[in-house]
Amino acid sequence: MKYQTIKGTFDRLPADAAKWRLIEETARVVLERFGAGEIHTPIFEDVGVFSKAAGDSSDIVRKEMYAFTDRGGRNLCLRPEATAGMVRAYLEHGFSSKPTPVKFWTFEPMFRGEKPQKGRERQFHQVGYEILGLSDPLADAEIIDAGVQLLSQLGIEEYVIHLGSVGDPEDRAAYNQYLRDTLSPAFARLSAESKERLELNPMRILDSKIESDQALLKELAVKPMLEFLGSEARDHFEAVQKCLTAWEIPFVVDSSIVRGLDYYRRTAFEFIHNSPALAGCSTILAGGRYDGLAEILGGQHTPGVGWGCGAERLILAIEAEKIDVPELEKPLVYVIPLDEESILYAHNVAREARRVAQSLAAYKVKGMGKALSDAEKFGARFAVIIGSNERETSILNIRELATREQFTVSLEEFGEWLFEQDFGSGLEANIRMLEAQLEA
RNA sequence: GUGGGUGUAGCUCAGUCGGUUAGAGCGCCGCUCUGUGGCAGCGGAGGUCGCGGGUUCAAAUCCCGUCUCCUACCCCA
């Protein structure tokens, strides 16, 4: 084959559909319970939406954006993340005149030109949830709660919430200055990567994986960001914690939380999965507050908090925790014609059955054994056998594949019979259950 | 972007010391097969041995390059 998917992209095949649908439908049900409206922004936008938002020093902008120029000479890029586009949409459509807050959820592909590896693709997919217009710490807590609810409804349990605060811009500036002042004298002892970080983003040094860096930090007794929070950011941080505690949502305060995107303010959090299967990509959901973003995009001040949740990593977690994924609907009936004259008749029966449930009919006559075997391979529950007898008498011969029990139903009662069947095993039923569960 | 590993049929994999027309199992299609069978037997389709160079009388096999995927970094969901 000459063509194949390009590096870091993959085809989502029918065999994977159940997991993806579980994620999307669970997100829909859970997040709409929080009042979030479904939003889909374009897959590509003016490059400025993302580059201004993320900041020129971020790795995403520096080396990971799929930027291109279209025929009109516009500088565009494939979106590397969801938030900036949603804030742009909020501003563009005047959502500030809607009752506050405005909540958005989405499930969309994102694009980053990274080297692919486990839990990291060039086209990857995120569930996103944002609360816009509210600076209240209650919104931060609620957004974290929404993440908890989403994972809980998916059955994912083996994770820890890491909560931190990156403070307000002036706090961060002060802290970065402190880091430079503290680490510069020891510049020669930093790793090559950290030497670069000291210029660009000193906070990155804190979560360096290089032992010598960590040893140096310890030796110099480098203070955490949290000690540099201004009084407002500190009050905000404490209020968020108070809410989470009241809601019995466990979390650990993690002062090393750093953000790759410049627009974050105050609250930052990551849901980190414990499974070794997610080693190196254990952050399954991450987000924070970005009160300055709207202004960066040229709009009026609009506080916001939100998170993104990586679907590919969610799938790894679902697999690691061996979570039962509800199967998609399979055919209720597979209609078998026994002679040439019955083929069209068989398809007529299948059409009738499709008014109620998924149904198939064979396109050619085969031996009965093969035909029943086909029915089973297609996952059908019942085989409906059509031959001259059935056509003449208008009585359908129905065989339940699993039990091998056979019985007859007259053609006129067939519709009624279809409705009596149990469809309880499919995902749709599962979602109905989920909704009922949330109702309670 | 850097390092390591990898690549033969749709899938899982054989393929000797470099040797002539590259194999198996499963799957797919067909026949035996005319309504109680899901079996079994037989047959068929499907391959630029990732791609491109090189060495050689001869390359899936040896050498170089390149790409993919996996993986560790950087970084991130």
Side-chain angles (χ1 to χ4, degrees), chain A residues 1-10 13 15 23 54 57-64 79-83 107-129 147 159 191-194 196-197 200-201 204-205 207-210 257-261 269-273 278-288 306-317 334 336-342 363-378 380 383 385-391 397-399 401-402 404-406:
Chain A
M1 257 288 285
K2 186 178 176 185
Y3 297 108
Q4 49 184 281
T5 53
I6 61 167
K7 183 200 274 228
T9 68
F10 60 97
L13 303 175
I23 289 171
S57 72
S58 70
D59 275 44
I60 287 179
V61 173
R62 282 167 64 220
K63 50 190 191 187
E64 294 181 354
R79 66 162 165 245
E81 53 99 17
T83 304
F107 182 54
E108 286 278 19
M110 311 291 159
F111 305 84
R112 290 182 198 172
E114 300 195 73
K115 178 143 182 180
Q117 58 188 275
K118 183 177 51 167
R120 186 181 321 171
E121 312 287 339
R122 288 188 168 181
Q123 175 177 341
F124 62 104
H125 302 75
Q126 281 187 344
V127 176
Y129 177 41
Y159 68 92
S191 65
E193 290 88 347
S194 289
E196 196 179 335
R197 290 184 185 119
L200 282 167
N201 194 348
R204 281 259 163 243
I205 298 172
D207 64 349
S208 169
K209 282 170 192 156
I210 296 162
I257 285 196
V258 172
R259 289 280 84 129
L261 305 177
F269 54 87
E270 295 183 4
F271 289 29
I272 298 181
H273 202 269
L278 294 250
C281 62
S282 56
T283 302
I284 51 177
L285 186 152
W307 47 248
C309 175
E312 285 80 2
R313 293 183 182 184
L314 237 32
I315 287 174
L316 289 175
Y334 181 86
I336 299 171
L338 289 177
D339 48 42
E340 295 296 323
E341 294 72 38
S342 301
Y363 296 88
K364 53 180 75 166
V365 177
K366 289 187 183 181
M368 181 74 96
K370 278 279 191 318
L372 288 171
S373 174
D374 285 350
E376 202 146 67
K377 282 175 186 167
F378 279 112
I385 298 158
I386 308 287
S388 54
N389 293 346
E390 287 74 14
R391 274 184 288 128
N397 217 337
I398 302 180
R399 183 181 178 94
L401 278 317
R404 303 186 178 199
E405 279 169 20
Q406 203 154 317

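Chain letters run A, B, ... following the sequence lines, proteins first and then strands; every chain starts at 1. The model shown is predicted, which means the values in this text are computed figures rather than measured ones.
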A/E64 has a side chain; which of B/rC75, B/rA77, B/rG38 sits nearest to it?
B/rC75
What distance, rounded to whole Å, do you find between the two P atoms, one in B/rG50 and one in B/rU34?
44 Å
Check whether any side-chain N or O of A/E390 sits under 3.5 Å from a backbone N or O of A/G387 as a donor-acceptor pair, and report yes or no.
yes
So what does A/D374 hit on the nucleic acid, given a heavy-atom distance under 4.0 Å: a base, only sugar-phosphate, or nothing?
nothing
Listed range with range, the stems formed with RNA chain B by at least 3 consecutive Watson-Crick or G-U pairs (under 3.5 Å) are B:1-5 with B:69-73, B:10-13 with B:23-26, B:28-32 with B:40-44, B:50-54 with B:62-66
Could you give the distance separating B/rG65 and B/rU55 at their C1' atoms, to the nearest angstrom?
15 Å
Testing A/D374, A/I385, A/L401 for side chain to side chain contact (heavy atoms under 4.5 Å, CB included) with A/Y334, which one passes?
A/D374
Could you tell me the separation between the CD atom of A/E114 and the P atom of B/rC73, rounded to a whole number of Å?
14 Å
Mind checking whether A/R391 and A/D339 have side chains closer than 4.5 Å, heavy atoms only?
yes
Would A/K118 and A/L316 count as a side-chain contact (heavy atoms from CB on, under 4.5 Å) if you check the C-alpha gap in whole Å, the side-chain angles of each, and the deciding distance to 0.1 Å?
CA-CA 9 Å; A/K118 183 177 51 167; A/L316 289 175; 4.2 Å; yes
For a quick check, tell me whether the side chain of A/N397 and the base of B/rU36 share a donor-acceptor pair closer than 3.5 Å.
yes
Between B/rC69 and B/rG7, how far apart are the two P atoms, rounded to whole Å?
15 Å
Less than 4.5 Å apart, side chain to side chain, heavy atoms only: is that true for A/W307 and A/V127?
yes
Using the C1' atom as the point on both nucleotides, what is the distance between B/rU56 and B/rG19, in whole Å?
12 Å
Looking only at atom P, what distance separates B/rA45 and B/rG25, rounded to whole Å?
15 Å
In whole angstroms, the gap separating P of B/rC39 from CZ of A/R404 amounts to 10 Å
Starting at the 5' end of RNA chain B, which residue's closest nucleotide do you reach first, A/K364 or A/E390?
A/K364
Describe the nucleic acid contact of A/Q406 in one word from base, sugar-phosphate, nothing, applying a heavy-atom distance below 4.0 Å.
base
Tell me what A/L401 touches on the nucleic acid: a base, only sugar-phosphate, or nothing, going by heavy atoms under 4.0 Å.
base
Check: A/R120 side chain, B/rC75 base, donor-acceptor under 3.5 Å:
yes
For the C1' atoms, the ones on B/rU12 and on B/rA72, what distance do you get once it is rounded to whole angstrom?
28 Å
Hey, does the side chain of A/K7 reach the backbone of A/R122 with a donor-acceptor pair shorter than 3.5 angstrom?
no
Do any N or O atoms from the side chain of A/R79 and from the backbone of A/P109 form a donor-acceptor pair under 3.5 angstrom?
yes
Please confirm whether the backbone N or O of A/G119 pairs with a side-chain atom of A/R313, one donor and one acceptor, at under 3.5 Å?
yes
Determine, for nucleotides 65-72 of chain B in 5'-to-3' order, which nucleotides have protein heavy atoms under 4.0 Å from the base (write B), from only the sugar-phosphate (write S), or from neither (write -).
---SS-BB
A/I385 has an atom CD1; how far is it from atom C1' of B/rG38, in whole Å?
11 Å
Want to settle it: does A/S388 or A/A311 sit nearer the 5' end of RNA chain B, counting the closest nucleotide to each?
A/S388
Classify the ring geometry of A/F10 against A/H125: parallel below 30°, tilted from 30° to 60°, perpendicular beyond 60°.
perpendicular
Does any N or O in the side chain of A/R112 come within less than 3.5 Å of the main-chain N or O of A/P80, such that one atom is a donor and the other an acceptor?
yes
C1' atoms of B/rA22 and B/rC13, separation to the nearest Å
14 Å
How close or far is atom C1' of B/rA77 from atom CZ of A/F107, stated in whole angstroms?
12 Å
Given atom CD of A/E270 and atom C1' of B/rA77, what is their separation to the nearest angstrom?
9 Å
Within the distance-only criterion (no hydrogens, no angle test), does the side chain of A/Q126 pair as donor or acceptor with the backbone N or O of A/G128 below 3.5 angstrom?
no
Roughly how many Å is it from CZ in A/R391 to C1' in B/rG35, rounded to a whole number?
12 Å
Using atom P in both nucleotides, what's the gap between B/rC74 and B/rG3 to the nearest angstrom?
16 Å
Given B/rG35, B/rA77, B/rG30, the nucleotide with the shortest approach to the side chain of A/K366
B/rG30
How many Å lie between CD on A/E108 and C1' on B/rA77, as a whole number?
15 Å
Does the side chain of A/K370 get closer than 4.0 angstrom to OP1 or OP2 of B/rG30 through an N or O atom?
no
Using a 4.0 Å heavy-atom cut-off across all strands, classify A/I284 as base, sugar-phosphate, or nothing.
sugar-phosphate
